[in-house]
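Numbered from 1 within each chain, the chains take letters A, B, ... in sequence-line order.
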Amino acid sequence: MTTTSENTSAEPRVVWLDKAIDLTLVGARKVAVPLMGLAVFLLLWATAANSIDTSLGKFPGPQAVMQQFAGLYAEHVAEREKEDAFYQRQEERNAERVAIDPSYEPKIRAYTGKPTFFDQILTSLVTVMSGFLVAACLAIPLGIAIGLSKTLNEAINPIIQIFKPVSPLAWLPLVTMVVSAVYVSPDPMFAKSFLNSMVTVMLCCIWPIVINTSVGVAAIDSNLVNVSRVLRLPALRHVQKIVLPASVPMIFTGMRLSLGVAWMVLIAAEMLAQNPGLGKFVWDEFQNGSSDSLGRIMAAVVVIGLIGFLLDRGMLQLQRSVSWDKSSASR
Amino acid sequence: MSVILEISNIDMVFDTPQGPFTALKDVDLKIKKGEFVSLIGHSGCGKSTVLNVVAGLYRATKGGVILNGKEVTEPGPERAVVFQNHSLLPWLTAYENVELAVKQVFGKRKSKAEMKEWIEHNLHLVHMDHAMHKRPDEISGGMKQRVGIARALSMQPDILLMDEPFGALDALTRAHMQDSLMEIQNELNNTVIMITHDVDEAVLLSDRIVMMTNGPAATVGEILDINLERPRDRLVLADDPEYSHLRSEVLKFLYEKQRKVESITSAKAKNEKKTKDGKRTAAA
């Protein structure tokens, strides 16, 4: 009796312990290997940076970039404090004038300080997401229509094939001129610079989404289409119940492709057109040419990379939650 | 019993890059209400084409199909199809797959509660109660085919068309599914056309076996009446001399009279048909 009870109580504990050790080892490996990779990279970067001399001083190493991050953050905080102080002064002044002359209507003026690094990050993010969303709203229905109709495909496909390889930056001057000619309003809801960047992003997002959606729709298993025919599903229900879910994996492939390209294009467009955003930050720092400039640009490069990575992960996560086909969402 | 379906002198000619290909020539068949008819023949002889014409997925080049006195011009739920590869929508559960059909067919006639009951009834009929909220990738091949059958039955079709429903299953599962099908048939007494490769399956399930000649220009070769008493039991029938006789009749037709000689021309014809059935590939 005693031996059996000892055995049963001792054994699960050993198994549990073994499992815990295994899991820790696997976990440690998963964390340790990328960390080692990162350490080697930082070391190489620091060594290489140290041996490159430019007219603006040494090429920034990891340490210099960290310092610049701290500096950029301090600048951001200082700018916000200045802004708060400005509004406070304005309010006090207005209150004083109203106290003296009750009929005075106080004027509220917006703060005009220069946007900080973090403001620019936000601007770029908003621009890329709005351009991307507008493109998706246009491209998915168009892609479905092209995928469903052979005639439409034959009519539109050549046009898409010609526009697809055009760098959206080539569109930028045209977009700028058209926006300033067409978008005239005394009280504009969006800044023109925002519209320029957004339309440019949209132009580069549309093609991959249209193409992937239409291929996904055209490649639907003919048996599923036959099910729909036997059930006599009306056209709209056919799209909603069969076509859309079946092509979700391909639609997401297109969206991830285009979002990645859009982020790259946006930075270039902001540099070229001097539209607010991370691209403008990089260009301004380059023109500025202080001893901190290269470090700040390098900090921006790191942030651009991180955001691009996070955007892609975000899309992947969205795909996992939306798509039935988990295998296509694993990469 | 009255004739419910009439396949009337059908010709089927496919346009291929090598010119017209006659798949079916003068196929003529009458099917009575409540009858279970098997179509048997070598692969590539056009069995599926016959079924697709009855389903309305293909239009016959000549001749036509008449169901309940009306000509068939397009697919419809009164001619429900059980597809060979189950064709369940992979993003819906078993229940939702049947629901899609029930909503489409009975959406205006049944209340929500009635529809739910009807869906569950059909899934119960194929013994899928326990897994009705699982998706196709979570259940076995046999279970998928059961759901496919439930979906077809739920449309309350005038005629049930089955395209090699158990062809992709292993032998044991197939026997199990055949027993289930006989059980359901016993209860509902549907009119069924089933395509099969399997001689035992054909003899076990059918009231009549329609044997088709080899293509191209395939047609009905012989028709064999199966007058074995129902309900049938595969174990009892195994020793039945009548069963053995019927079985050998079919085998004789397939392997003596219509011996399949895979010549170059017929292989080519098969490939042509395949490309015709193939999915449209989009130019990317």
Quick one: list whatever passes side chain to side chain donor-acceptor pair (under 3.5 Å) with B:Thr93, sequence neighbours left out.
->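 Side chain to side chain donor-acceptor pair (under 3.5 Å) list for B:Thr93, sorted by chain: B:Glu96.
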
Does A:Asn223 reach the side chain of B:Asn85, with side-chain heavy atoms less than 4.5 Å apart?
->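 A side-chain contact under 4.5 Å exists here.
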
Contact check, side chains of B:Gln104 and A:Pro234, non-hydrogen atoms, under 4.5 Å =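 Yes, their side chains come closer than 4.5 Å.
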
In terms of heavy-atom contacts, does [atom1] of [X] have more than 12 from other residues, nucleotides or ligands at under 6.0 Å?
X: B:Lys110; atom1: NZ; value: yes
X: B:His124; atom1: NE2; value: no
X: A:Phe163; atom1: CZ; value: no
X: A:Leu236; atom1: CG; value: no
X: B:Glu117; atom1: CD; value: no

Quick check for you: to the nearest 0.5 Å, what is the distance between [X] atom [atom1] and [Y] atom [atom2]?
X: A:Leu231; Y: B:Leu100; atom1: CG; atom2: CG; result: 5.5 Å
X: B:Trp91; Y: A:Leu224; atom1: CH2; atom2: CG; result: 5.5 Å
X: A:Arg237; Y: B:Lys103; atom1: CZ; atom2: NZ; result: 6.5 Å

Give me the contact list for residues 150-160 of chain B versus chain A, heavy atoms only, anything under 4.5 Å, ordered by residue number.
->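 Under the 4.5 Å heavy-atom cut-off, B:Arg151, B:Met155 qualify.
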
Which atoms of [X] approach chain A - backbone, side chain, both or neither, heavy atom under 4.5 Å:
X: B:Glu78; result: side chain
X: B:Ala55; result: neither
X: B:Leu88; result: backbone

Sort A:Ile242 into side chain, backbone, both or neither according to what part of it lies under 4.5 angstrom from a heavy atom of chain B.
->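 Its backbone and side chain both get close to chain B.
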
